[in-house]
Amino acid sequence: MSDRRLEAAAVGAGRLSDFDAVVIGAGAAGLYMLHRLRGLGFSARVFEQGGGVGGTWYWNRYPGARCDVESWDYCYSFSEELEQEWDWSERYPTQAELERYFNYVADRFGLRGDIRFGTRVERARFDEGRNRWVIDTSDGATILARFLVSAAGCLSEVHKPSIPGAETFAGIQHHTARWPAEGVDVAGRRVGVIGTGSSGVQVIPQVAKTAERVFVFQRTAQYAVPARNRPLDDEARRERRDSFRARQEFKRTTPAGLSRPLAPASSDLDAAARAQILESAWQHGGPGFALTFDDILTEPASNERAARFVRDKIKAKIDDPGVAEKLAEIQFPIGARRLIVDIDYFETYNRPNVTLVDVKAAPITEITPRGVRTSEGHYDLDVLVYATGFDGMTGALLSMDIRGVGGLALRDKWADGAATYLGLAASGFPNLFMITGPGSPAVLSNMMLSIEQHVDWIADCLAHMAESGFERIDADAQAEARWTRHVDELAAQSLVGKTDSWWTGANIPGKRRGITMYLGGTHNYRAACDEVAANGYEGFTLTRPTDPP
Ligand code: NAP
């Protein structure tokens, strides 16, 4: 049956609705986008595959899950009332506290009524005749929308490596990002954890507290700096609330969107000054350690000084010199992969029930009904935890079948790498916006700040279109090519672009290697987006219904 006839059938069955905008995802980005759309008087519908709001903080329920950006930096700033009403209890918020926060926001702004939970967007195609997106959802509905906004997230598409025999495991197995809400009782059980990225580093100390044995399968040793988490007392909360607006303004002027002071270049300092700065950053704790010197990601010598400092700190925490060596044998520049922030991670290896298994030296060969086999032996397990990460940046977008002008599939357009204009739009996909899409600072920044910046930019663009009578916007191919080249050039100057990680797509077999995030800093990125808007959406073609085709 033709698409039009399918639609006609859908209308007949009452399954077709028409909205100004459809938003994919009810995480931090989707919630705020919906709020702004409502403010513009747009009719909108959000589709969320999870059973509740919060996105990342709905799905990642594993023990120890916690944000490593400070609570008062990782929250919305669009509402002064919200900022006054909400209190954070710790320096770094737990998954549970963040989920409560996003639920509070959904209720506070009455957003739930426009969200369809448990519903995935499966397909979306742009109908050029009507300038409408035709969207098919997993519940069998077809929806028309003038605008389609992806708030699907940068880390939503789970990556589970294909290991021979994985389906035969007879015990309990879960990916950290699909952890059951009711939890998993690991008490007295033998637990295996594959993966030592941010998720593995958080879950391992927690399961080690009650499990009989924990086997950590480590392929790549990683830097981690202490979180130095602590509860916030009344005084600390008052101080943060009072300084919130000023901190928010300051964050907008910084490369990563954090409220840390800007750093000096390592090469401008003598050895004593450098050592003092590194030690004080270590004592302060948190992800800002990667920003200790402003040349840390560009100057190999500066990077190596900070890297050596952390490797020595790691070794000093471990009782067994052989284990210490394996944990501190880190062979990439610090900060070139997402710097991990830990709470008692390395100390956990001093427990008698925790064993580090080096699967770089002796790789995992198969999963059996009873556990994990490496080239050196078999590990009997009751529970297997996959802390193996995500198909980042593009995974969630490409898990849907999105087709633009002429039926071009986004998957085909991006077969050789994601090309976007400003990380907000893709040429040939009119009226589609991406929040924190590839080509924007995204996960290299404070996500809440970047989400608000994108949502505000999109909302302002939609308001401009409505006021000026435009019904269609598409990024120009040349503007997209220029921006994508700029993103690539910035990546080439940084140590980040030269290191294998999920940031460079190296964790996904067959994925084109290359960093898809904008490395020029959120402050410069914001200026570039503002300039495009101020120049009448330069690099975009805007069309009125009366314009000739
Ligand atoms: P990740 O950083 O991609 O780590 C995945 C881990 O799984 C790596 O150690 C990887 O080893 C290992 N792995 C994958 N396939 C394997 C295989 N076949 N055999 C052995 N090991 C294998 O994923 P993640 O830890 O979920 O973190 C992803 C991102 O999510 C983070 O970078 C961060 O942006 C975000 N996150 C943030 C927080 C937070 O705010 N605190 C917490 C969790 C996650 P290799 O390194 O050798 O590939």
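Indexing begins at 1, ligand by ligand and atom by atom, following the structure's order. Everything quoted here is computed from the prediction, not taken from an experiment.
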* Quick one: look up the protein heavy atom nearest atom 39 (C) of ligand 1 and list residue, atom name and how far away it is. => Arg66 O, 3.4 Å
* Asked: Please state which protein non-hydrogen atom is closest to atom 26 (O) of ligand 1 and give its distance, to 0.1 Å?
  -> Ser199 OG, 2.6 Å
* Taking distance alone, with no angle check, do Thr196 and ligand 1 share an N/O pair under 3.5 Å? -> yes
* When rounded to the nearest 0.5 angstrom, what is the spacing between NZ in Lys160 and CG in Asp391? -> 16.0 Å
* Structure fact -> heavy-atom search around atom 46 (O) of ligand 1 in the protein gives Arg337 NH1, 2.9 Å
* How many angstroms lie between atom CG of Leu82 and atom OH of Tyr76, to the nearest 0.5 angstrom? -> 9.0 Å
* To do: Please work out whether any backbone atom (N, CA, C, O) or any side-chain heavy atom from C-beta onward of Phe217 is under 4.0 Å from ligand 1, and answer side chain, backbone, both or neither.
  => neither
* Got the closest protein heavy atom to atom 36 (N) of ligand 1, with its distance? -> Ser198 CB, 3.8 Å
* Structure fact -> Value for CZ (Arg91) from CZ (Arg240), rounded to nearest 0.5 Å, stands at 7.5 Å
* Identity and separation of the nearest protein heavy atom to atom 4 (O) of ligand 1 -> Gly197 CA, 3.7 Å
* Step-by-step salt bridge (charged side-chain N to carboxylate O under 4.0 Å, His left out) determination, Arg245 to Glu249 -> CA-CA 6 Å; Arg245 288 282 130 190; Glu249 281 312 307; 5.9 Å; no
* Asked: Considering distance alone, does some N or O of Gln202 sit under 3.5 Å from an N or O of ligand 1?
  -> yes
* Structure fact -> CZ of Arg219 to CD1 of Ile194, rounded to nearest 0.5 Å, is 9.5 Å
* Kindly state whether the ring of Phe102 and the ring of Trp57 have centres lying under 6.0 angstrom apart. => no
* Within the structure, does Asn507 bring an N/O atom to less than 3.5 angstrom of an N/O atom in ligand 1? -> no
* To do: May I ask whether Trp502 has any heavy atom positioned less than 4.0 angstrom from an atom of ligand 1?
  => yes
* **Numbered atoms and elements of ligand 1 in range of Cys67, under 4.0 angstrom, heavy atoms** => 40 (O)
* Would you call Ile194 a ligand 1 contact, heavy-atom distance under 4.0 Å? -> yes
* Look only at interatomic distance and state if Thr220 has a nitrogen or oxygen under 3.5 Å from any nitrogen or oxygen of ligand 1. => yes
* Distance (rounded to the nearest 0.5 Å) between Glu329 CD and Ile314 CD1 -> 12.0 Å
* Asked: Where does the angle between the aromatic ring planes of Phe309 and Trp282 fall among parallel (under 30°), tilted (30 to 60°) and perpendicular (over 60°)?
  -> perpendicular
* Structure fact -> The protein heavy atom nearest to atom 48 (O) of ligand 1 is Arg219 NH2, 2.9 Å
* Asked: What distance separates Asn60 CG from Arg66 CZ, expressed to the nearest 0.5 Å?
  -> 14.5 Å
* Identity and distance of the protein heavy atom lying nearest atom 6 (C) of ligand 1 -> Ala387 O, 3.3 Å
* Modelled atom types, side-chain donor and acceptor of Lys251 and Ser77, under 3.5 Å -> no
* Asked: Which bit of Leu155 gets closer than 4.0 Å to ligand 1, counting heavy atoms only: side chain, backbone, both or neither?
  -> side chain
* Asked: Starting from atom 23 (O) of ligand 1, which protein heavy atom do you reach first, and at what distance in Å?
  -> Gly389 CA, 3.2 Å
* Are Glu182 and Arg61 within salt-bridge range, i.e. N to O under 4.0 Å? -> no
* **Student check: side-chain heavy atoms of Ser501 and Arg338 closer than 4.5 Å** => no
* Does at least one non-hydrogen atom of Tyr62 fall below 4.0 angstrom from an atom of ligand 1? -> yes
* By number and element, which atoms of ligand 1 are closer than 4.0 Å to a non-hydrogen atom of Gly195? -> 6 (C), 7 (O), 9 (O), 12 (C)
